[in-house]
Amino acid sequence: MIYLDNAATTRTAPEVVEVMLPYFSEYYGNAGSIYGLGSQSKKAVIKARETIAGTLGAQANEIYFTSGGTESDNWALKAVYEFCQDKGRHIITSKIEHHAVLHTCKYLEQRGAKITYLDVDEDGLIDPQQLERAIRPDTILISVMYANNEIGTIEPIGRIGEIASEHGILFHTDAVQAYGHLPIEVGKMHIDLLSASAHKFNGPKGIGFLYVNSKLRMGSLIHGGQQERGRRAGTENVPGIVGIAAAAQRAALSMDKKAVEESRMRDYLIRRMEEEIPGARLTGHRTMRLPGHVSFCFEGIQGESALIMLDMQGICASSGSACTTGHPGPSHVLMAAGVPEELARGSLRFTLSEENTMEELDIVVESLAEIVEKLRFMR
Ligand SMILES: *Cc1c(COP(=O)(O)O)cnc(C)c1O
C-alpha cells in the first residue's frame with residue numbers, strides 16, 4: 001500500500017501509542033478524583049497542557065482540550081459570537097475554509113450573524129487589503145485558516161493577525177493542517193484563538209485543542225462539570241490528551257527536518273506529474289504551500305474514478321477533501337480559486353509524510369499517467 005492521504009488523517013506514530021497505552025488500563029483514574037490513581041491522571045493532563053502551550057509560545061491555561069478540529073472551530077466561532085454581541089455581529093472569514101468553519105458560519109447567520117466571505121486569488125491566497133476593506137465597526141472576529149486542506153496554500157497569517165490587532169478585532173485561525181507541520185507563535189502572529197487536531201500530526205483521532213488568549217473571557221460550549229476550567233465539561237480523555245502532547249512534542253522536534261524532506265518529495269512529485277501527464281494543472285500556490293501537499297486537476301477525467309483505480313493498485317489518495325467525498329458538485333475551494341467547474345471535477349490530492357519514498361512517488365506517477373489516459377479514452 002502507498003499512503004498519500006495524510007491531509008485526511010495520519011498514522012498514529014507507534015511511539016505515541018506506546019505513551020498512551022498505560023493510561024487505558026493501568027492509570028485509568030478519573031483526573032477529577034483525589035486519590036493517587038486520579039491524581040496520576042491529573043498530573044498527566046497538566047503536563048500535556050504545558051507541552052502543548054510550549055509549542056505555541058502560549059501559557060498552559062490558554063489550552064483547552066476538545067474532541068478535535070471540528071469541535072474547536074465550532075467552539076471558537078459560536079463562543080465569540082455569543083460573547084461579543086454587545087460590540088457587533090459581523091464576522092469575516094474566507095470562501096475556502098473547512099466546512100467546520102463554513103457550516104458554523106451558516107448556522108450563525110441563521111441566528112443573526114453577518115458574515116463576509118473573502119475571495120481568494122487563483123493560488124488560493126487571501127488579499128490582506130480586501131480583508132482590511134471588509135472591516136466594519138461591528139466586526140467582532142476574523143477567522144482565516146492557516147493552511148488549506150484541499151490545495152495546501154499557506155495564508156499570510158502574520159499579516160492578517162496584524163490587521164486584526166490594529167483594529168482591535170479577535171483573530172481565530174483553523175490551524176488543523178498547519179499545527180505540527182509549520183512553526184506557530186500565537187503572540188507574534190496576534191492569534192487569539194487557534195484550532196488543532198491530533199490525528200493530522202501523527203496523534204490519535206478524537207482529540208484536539210483550542211488555544212484561547214487568556215485576555216479573552218469566553219463562554220463554554222459544553223456544560224456540565226468543572227473540567228477544562230469549567231469551559232468544556234466532561235471527564236478528560238486522558239489517553240488522548242497524553243497522546244496529543246506526545247505527538248505535538250514529536251512533531252516539534254522533527255519539524256524542520258521533516259519539512260525539508262517532505263517539500264523535496266513534494267516538488268519532485270509535482271515536477272514529475274507535470275512532465276508525465278498532459279493536461280495536469282497544479283492547484284494552490286506553488287511555493288507557499290504545506291510541505292507534503294500536492295494537488296492537481298487533470299483535464300478530461302473525474303477525480304473519483306481515478307481514485308477508485310488508484311485504490312485497486314493500492315494507492316490511497318483523495319479528491320479534494322475527505323469531507324467533500326459523497327457531496328455532489330465540485331469543491332468550494334476550487335470554485336473560489338476560479339478553477340473551471342469541468343476541470344475541478346478532475347481534482348486529486350496527494351499528501352505525503354516522512355514515511356513515503358521516492359520509489360513510491362515514481363510508482364504513483366506511472367500508475368496515474370496510465371489511469372488518466374485510460375479514463376480519457378473511455379469518455
Ligand atoms: C481535518 C480538518 C478539520 C477537522 O478536524 P477533525 O479533527 O477531523 O474534526 C478542520 N479543519 C481543517 C483545515 C482540517 O483539515
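Whatever order the structure lists ligands and atoms in, that order sets their numbers, starting from 1.
For ligand 1, the polar-atom distance check finds an N/O of Thr70 within less than 3.5 Å of one of the ligand's N/O atoms. Residue Gly69 places at least one N or O, backbone or side chain, under 3.5 Å from an N or O of ligand 1.
Relative to the ring axis of Tyr64, Arg229 places its NZ or CZ within 45° and under 6.0 Å from the centre.
Heavy atoms of other residues, nucleotides or ligands lying less than 6.0 angstrom from CD of Glu122 number 12 at most. By the neighbour-count criterion of 12 heavy atoms within 6.0 Å, atom CZ of Phe377 is sparsely surrounded, having that number or fewer from other residues, nucleotides or ligands. A 6.0 Å sphere centred on NZ of Lys205 holds more than 12 heavy atoms belonging to other residues, nucleotides or ligands.
Under a 4.0 Å criterion applied to the non-hydrogen atoms of Met145, ligand 1 contributes the atoms 13 (C). Within the listing of ligand 1, atoms 6 (P), 7 (O) sit less than 4.0 angstrom from a heavy atom of Ser197. Atom numbering of ligand 1 starts at 1 in the shown order; those under 4.0 Å from a heavy atom of Lys200 are 1 (C), 2 (C), 3 (C), 14 (C), 15 (O). Taking every non-hydrogen atom of Gly68 and a distance limit under 4.0 Å, the qualifying atoms of ligand 1 come out as 7 (O).
Between Glu373 and Arg376, no side-chain nitrogen of the basic residue sits less than 4.0 Å from a carboxylate oxygen of the acidic one, so the salt-bridge criterion is not met.
Residues Arg231 and Trp75 meet the side-chain proximity criterion, which asks for heavy atoms closer than 4.5 Å.
At least one heavy atom of His199 sits under 4.0 Å from some atom of ligand 1.
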